[in-house]
Engineer: 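Okay, handing you the structure first.
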Protein chains: 4
Amino acid sequence: MRFRQSLDNALPGQRGPQAATDQSVCLGRMTKEVGMSRRASNLPAPADRGAPAEEPVRRRLLAEATRLFAERGFESTSVQEIVAAAGVTKGAMYHYFGSKDDLLHEIYARVLRLQMERLNRFADAGGPVAERLHAAATDVVVTTVDNLDDSKIFFRSMHQLAPETYRSVRAERRRYHERFRGLVAEGQRDGVFRDDIPAEMVVDFFFGSVHHLGTWYHPDGPLTGKEVGRHFADLLLGSLRP
Amino acid sequence: MRFRQSLDNALPGQRGPQAATDQSVCLGRMTKEVGMSRRASNLPAPADRGAPAEEPVRRRLLAEATRLFAERGFESTSVQEIVAAAGVTKGAMYHYFGSKDDLLHEIYARVLRLQMERLNRFADAGGPVAERLHAAATDVVVTTVDNLDDSKIFFRSMHQLAPETYRSVRAERRRYHERFRGLVAEGQRDGVFRDDIPAEMVVDFFFGSVHHLGTWYHPDGPLTGKEVGRHFADLLLGSLRP
Amino acid sequence: MRFRQSLDNALPGQRGPQAATDQSVCLGRMTKEVGMSRRASNLPAPADRGAPAEEPVRRRLLAEATRLFAERGFESTSVQEIVAAAGVTKGAMYHYFGSKDDLLHEIYARVLRLQMERLNRFADAGGPVAERLHAAATDVVVTTVDNLDDSKIFFRSMHQLAPETYRSVRAERRRYHERFRGLVAEGQRDGVFRDDIPAEMVVDFFFGSVHHLGTWYHPDGPLTGKEVGRHFADLLLGSLRP
Amino acid sequence: MRFRQSLDNALPGQRGPQAATDQSVCLGRMTKEVGMSRRASNLPAPADRGAPAEEPVRRRLLAEATRLFAERGFESTSVQEIVAAAGVTKGAMYHYFGSKDDLLHEIYARVLRLQMERLNRFADAGGPVAERLHAAATDVVVTTVDNLDDSKIFFRSMHQLAPETYRSVRAERRRYHERFRGLVAEGQRDGVFRDDIPAEMVVDFFFGSVHHLGTWYHPDGPLTGKEVGRHFADLLLGSLRP
DNA sequence: TATGAATGAGCCTTCATTCAT
DNA sequence: GATGAATGAAGGCTCATTCAT
């Protein structure tokens, strides 16, 4: 549940009640649609008490699939390995998911929803654009590091999605980039950022770095996600100085 | 080794901008035609005598494999597809390559050799460290863009390599990073670069951006590789300002 | 047993041609609505008391199974498809039927019962044997055409029955053939039919034609079942002329 | 090889050289396209001496598939069973046939080609139409009985063919019927056959009988195929008497 | 050098059926 | 009566690889 904690802690302060409503609604939908991604940890999940078991099999399948796809790639992971890891049979998997591809697709949906949601909060917060950009950049690193498996899967396996799904994922991703680019462009208009480099390229530059965290970052290495995030944000902001 | 010769021509310092343009064109052709790694055998390569046809079948196989791996991924490309694209039979492929994995491995070897070679030349050139870093950074972008398929394959399919090969590729890659990091550290020692961010992280930050060129750069888009390279190098140098 | 009542009305002799037309309409509806075989259980069927809803779920399952088996074959029709078409769940199906095979078996039982019943009535009617044979032959065509799905299933899927069931269906079928053959043999003994061809073969000859109606007859084609029946009967009687 | 013998014996006499050429050309094509269907007998095939082995694996697969499809139906026969019966592995089967459906399709192609060829010869022979029809009718029974497995498969499994293949098989079958119907219509025009029953229906009537031979005829029963053929032809001609 | 038939392991998926509720 | 999650056994098919020629 590190995830929910991150959410509670890291969001830019003081939202009103409707924001809270948004969040819970969205989380509520998440449960129904893709499973909560509540890591296969053995910590007791406090939310489970009182609520029905909310499909632990489905959740376990998604968790194990995420882990295995990140570890050896989508194509090199067999359905048999996934269900064995989740402790169920193949039939059970096909009860919850239409196909192996569907499993992958749900992982993508989960990542996309989460990241967009977080970015929106940071971008919508008040304060100078440089601060908002720094906070958003730090946060995306922290979130990525907290969900490193998702991140590893994202670019490595995107081409395995069905064409239609692929397009929709790319479109959603593009929306995300555009939101982020909006912050850069805003700073350029305000004169606080250099404007001799297209904002779009700055975004591609930065997110390349972020997406490759999975190739070198280790949770038990010397640096916390927060530290890496701050460094990355510093580099980004530094590179934007006029 | 036509390859090295081309390289010799393209080195920093000696020529004007239009020569640089030639260079990238040349690199582009190189990728298609050369197929540097002449099989991991220790047999003398008969092709070297008088520089004749040098195994066009082998070259074609490598070229088509590169194209297909980049297009659909290693696991989703069958040997049958590769040999069909190259216009030969399976037997021929197994005559030149020990396995499908071997094919992938040779692609990696080619990339690694090329990039290390180029970096060395730029790093060893004279002049202020900032200039050398800027030139090396620009060049790695240009080279990546000229060999975009290799770049797409590199990170997406690394985990498909046999463990031993995987380790050796990583080690070689690390050497490459260390060489690059050396430039950053040198600038930090000299006080021309900020030193509050570990040089290692700066390198990871920058190469993340470079490796993701394959996900958004298109050769027929508005920007040339050189332009992107300069922007990227500017961003890197900008982020390192004290 | 609404069924038997309908049958009672449609018997030879008692009514004019327009009644015959009614009959075929009625048989058509019967197939859709009746579902004669009220489960192979020996429990008293509560539906018989007062003739109430008599298990509409069961009836719907049988009707949809018949339709689907005829359309795509027994093996290519999944239980899931059947229950979806009937608007119920799998559990419901397994409540009414022991297995998918059981469903098929009940379809056979229904067909066998119906055809034997009708043949008996025609064979037992009075009049010259040639007339009785002609009437019976016409009727079996009409009945077949009115229940074309049953007919399609009959021979195509017979080999899917459990061995025991298979034998019992064959035996019942043989009894049917024997009854029909009796008419032919009677005519041969009486000298009204040629006797240089075994009666048994005449029966196989004729029923081959009947069973293949499903491969070419279409209810909305130019010919009514009655017309086809008369032609077929004419051909049969014609071929039997001494 | 009973088959080829039948051909040699039963054809209406005295054809010129071009007919013989047609036949061998056609047989030649057969070998290339669908395998010879030379029953899985252990008699030495005289034609094989001197000629290359002409794909005995393919031939065996086709023979065993035919046998098994006839015995238990297409859907109830697994590829594993077929290859086990043929003494090869699945891979070998998929080397020669694109799919299980393809196997079925080739069986159909073989049947269609053979029957059309034979019918043409009888229909094209000289003599009164009644004689030609009688000979053709007898022959189709003999051929059917000699290839009873093909016949069993034909109607039972037709609906398993891919839609396109299905259509092409039906079209070919229709051409066959039309050729046969031509003979009936000719006799009707000449006044030697009754014309109060559509020729088309007479054909459907007769071929229904023929196609159902598989449900009752046994090679080791009391009647030879020739005898059944003559009886059937007698019945057909009898039913057509004015 | 090069072919292509053949292998055998493994893959994704389907499906009839069961059973706790 | 009825549900629907879960099972487990196949099923069709693919594929990297081998080997006699």
Side-chain angles (χ1 to χ4, degrees), chain A residues 52-53 55-58 61 74-83 86-103, chain B residues 46 55 57-58 61 74-83 87-104 160, chain C residues 46 55-58 61 74-83 87-104 160, chain D residues 52-53 55-58 61 74-83 86-104:
Chain A
E55 308 179 321
V57 170
R58 182 191 164 84
L61 282 166
F74 176 77
E75 295 279 348
S76 299
T77 304
S78 73
V79 170
Q80 182 52 50
E81 287 170 321
I82 298 168
V83 300
V88 297
T89 61
K90 280 190 211 175
M93 196 218 95
Y94 281 95
H95 180 72
Y96 287 104
F97 300 93
S99 64
K100 189 188 172 191
D101 284 68
D102 195 28
L103 213 37
Chain B
E55 305 177 324
V57 170
R58 181 168 209 281
L61 281 165
F74 176 77
E75 294 280 347
S76 299
T77 304
S78 71
V79 169
Q80 182 53 48
E81 286 170 319
I82 297 169
V83 298
V88 299
T89 60
K90 279 193 215 177
M93 197 217 92
Y94 280 94
H95 179 72
Y96 287 106
F97 300 93
S99 66
K100 189 188 173 192
D101 286 66
D102 194 30
L103 214 36
L104 182 61
Q160 311 286 8
Chain C
E55 304 177 326
V57 169
R58 182 168 208 282
L61 281 166
F74 176 77
E75 293 280 348
S76 300
T77 304
S78 72
V79 169
Q80 182 53 46
E81 286 170 319
I82 297 168
V83 299
V88 299
T89 61
K90 279 193 213 175
M93 197 217 92
Y94 280 94
H95 180 72
Y96 287 106
F97 300 93
S99 66
K100 188 189 173 191
D101 286 67
D102 195 28
L103 214 36
L104 182 61
Q160 311 286 8
Chain D
E55 308 179 321
V57 170
R58 182 190 163 87
L61 282 165
F74 176 78
E75 293 281 348
S76 300
T77 303
S78 72
V79 169
Q80 183 51 51
E81 286 169 323
I82 297 169
V83 299
V88 298
T89 60
K90 277 190 218 176
M93 197 218 94
Y94 281 95
H95 180 72
Y96 288 104
F97 300 94
S99 65
K100 190 189 172 192
D101 284 67
D102 195 28
L103 213 36
L104 181 61

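What you see is a predicted model; the values in this text were computed from it and never measured.
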Engineer: Supply the atom-to-atom distance C/Leu61 CG to C/His95 NE2, rounded to the nearest 0.5 angstrom.
Structural biologist: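 Rounded to the nearest 0.5 Å, the CG-NE2 separation comes to 11.0 Å.
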
Engineer: For DNA chain E, whose closest nucleotide is more 5', that of B/Gly87 or that of C/Glu81?
Structural biologist: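 Between the two, 5'-proximity favours B/Gly87.
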
Engineer: Taking a pair as Watson-Crick or G-U wobble with both distances under 3.5 Å, which nucleotide is matched to F/dA9?
Structural biologist: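 Base-paired to E/dT14.
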
Engineer: How many whole angstroms separate atom CG of A/Asp102 from atom C1' of E/dT13?
Structural biologist: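 So the two atoms are 13 Å apart, to the nearest Å.
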
Engineer: Could you pick out which residue, B/Gln80 or D/Val79, lies toward the 5' side of DNA chain F when each is mapped onto its nearest nucleotide?
Structural biologist: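 First, find each residue's nearest nucleotide; the 5'-ward one identifies D/Val79.
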
Engineer: Give a yes or no on whether a donor-acceptor pair under 3.5 Å exists between the nucleobase atoms of F/dT17, that is its base, and the side chain of B/Lys90.
Structural biologist: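 When only heavy-atom distances are counted, B/Lys90 does reach the base of F/dT17 through a donor-acceptor pair under 3.5 Å.
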
Engineer: Across all strands, who's sitting opposite F/dG4 as a Watson-Crick or G-U wobble pair, both distances under 3.5 Å?
Structural biologist: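 The answer is E/dC19, by the H-bond criterion.
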
Engineer: If you find the nucleotide of DNA chain E closest to C/Asp101 and the one closest to A/Gly98, which residue's nucleotide is nearer the 5' end?
Structural biologist: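 By nearest-heavy-atom nucleotide position, the 5'-most residue is A/Gly98.
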
Engineer: What is the nucleic acid contact for C/Ser76, judged by heavy atoms within less than 4.0 Å: base, sugar-phosphate only, or nothing?
Structural biologist: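 No contact.
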
Engineer: Considering only heavy atoms from C-beta outward, does the side chain of A/Thr89 approach that of A/Val83 to under 4.5 Å?
Structural biologist: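 No, side chains not in contact.
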
Engineer: Find the distance C/Phe97:CZ to E/dT18:C1' and express it as a whole number of Å.
Structural biologist: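 It works out to 19 Å between those atoms.
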
Engineer: Relative to the 5' end of DNA chain F, which residue comes earlier, B/Gly91 or A/Tyr96, by the nucleotide with the nearest heavy atom?
Structural biologist: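 So the residue in question is A/Tyr96.
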
Engineer: To the nearest Å, how far apart are C/His95 NE2 and F/dG4 P?
Structural biologist: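 About 16 Å, once rounded to whole Å.
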
Engineer: Output the single nucleotide from F/dA16, E/dC15, F/dG4 whose closest atom is nearest the side chain of C/Ser78.
Structural biologist: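 Looking only at heavy atoms from C-beta outward on C/Ser78, the closest nucleotide is E/dC15.
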
Engineer: What is the distance from atom CZ of D/Phe97 to atom CG of D/Leu103, rounded to the nearest 0.5 Å?
Structural biologist: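 One gets 5.0 Å once the value is rounded to the nearest 0.5 Å.
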
Engineer: To the nearest Å, how far apart are D/Glu75 CD and E/dT14 P?
Structural biologist: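 It is 14 Å, rounded to the nearest whole Å.
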
Engineer: Measuring from atom NZ of D/Lys100 to atom NZ of D/Lys90, what distance do you get when rounded to the nearest 0.5 angstrom?
Structural biologist: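 Answer for the NZ-NZ pair, D/Lys100 versus D/Lys90, is 11.0 Å.
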
Engineer: Take the protein atom CG of B/Leu103 and the nucleotide atom P of F/dT17, then report the distance between them rounded to whole Å.
Structural biologist: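 Rounded to the whole Å, the gap is 10 Å.
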
Engineer: Which distance, rounded to the nearest 0.5 Å, do you find between the CG of D/Asp101 and the CZ of D/Phe74?
Structural biologist: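 If I round to the nearest 0.5 Å, the distance is 4.5 Å.
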
Engineer: Where the side chain of A/Thr89 is concerned, which of F/dG8, F/dT3, E/dA2 is the nearest nucleotide?
Structural biologist: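 Side chain of A/Thr89 sits closest to F/dG8.
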
Engineer: Whole-Å distance between F/dG11 C1' and D/Lys100 NZ?
Structural biologist: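 It is 8 Å, rounded to the nearest whole Å.
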
Engineer: F/dC13, F/dA6, F/dA16: which one has an atom nearest the side-chain heavy atoms of B/Tyr94?
Structural biologist: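 Within the option list, the nearest is F/dA16.
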
Engineer: Rounding to an integer number of Å, can you tell me how far C/Leu104 CG sits from E/dC15 C1'?
Structural biologist: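 Taking atom C1' of E/dC15 as the reference, CG of C/Leu104 is at 17 Å.
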
